[in-house]
Amino acid sequence: MGYRPGDLRPVNGGPRVEVVAPTHCRNGHPLGPRQVHVSTELCDPGTGRYQRHNTWTCRTCGDVTLADGHPDACRSQADPRQQR
């Protein structure tokens with residue numbers, strides 16, 4: 001099954017789940033131990049209810065991968081350049 005970063009996938013077929021992390025940034029750098037900063041970002045998707053996205057920031061180039069794969073779907077509160 002094709003999981004995307006941020007998706008939840010079952011662990012060993014049981015009731016536990018884990019968050020799928022990206023293996024590489026969009027520039028092709030590997031995202032493994034000591035190569036990625038994992039965090040969350042507050043956003044406003046325009047519904048009036050704030051949400052959080054898991055983020056993975058490449059320590060080599062600074063590329064940020066958002067969990068849902070749709071960075072334009074929300075207005076970031078963490079990055080003032082993206083605020084309206």
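Here, residue 1 is the first one in the sequence, and each next residue gets the next number. All of these numbers come straight from a predicted model, not from anything done at the bench.
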Is there a donor-acceptor pair under 3.5 Å between the side chain of R26 and the backbone N or O of V64? yes
Check whether any side-chain heavy atom of L31 sits under 4.5 Å from a side-chain heavy atom of C25, and report yes or no. yes
For G62 versus T57, what's the shortest heavy-atom pair and its separation? O-CG2, 3.9 Å
Where do W56 and L66 come nearest, in terms of heavy atoms and distance? CZ3-C, 4.3 Å
Looking at side-chain heavy atoms only, is the closest gap between V19 and L8 below 4.5 Å? yes
Side-chain heavy-atom pair H37, R59 within 4.5 angstrom cut-off: yes
With sequence neighbours excluded, tell me which residues meet side-chain contact (heavy atoms from CB on, under 4.5 Å) with P30. H24, Q35
With sequence neighbours left out, the residues meeting side-chain contact (heavy atoms from CB on, under 4.5 Å) with R52 are T40, L42
Is the number of heavy atoms from other residues, nucleotides or ligands under 6.0 Å of R9 CZ greater than 12? yes
Check the pair V20 / R4 against side-chain contact (heavy atoms from CB on, under 4.5 Å), numbers first and verdict last. CA-CA 7 Å; V20 175; R4 297 181 315 173; over 6 Å; no
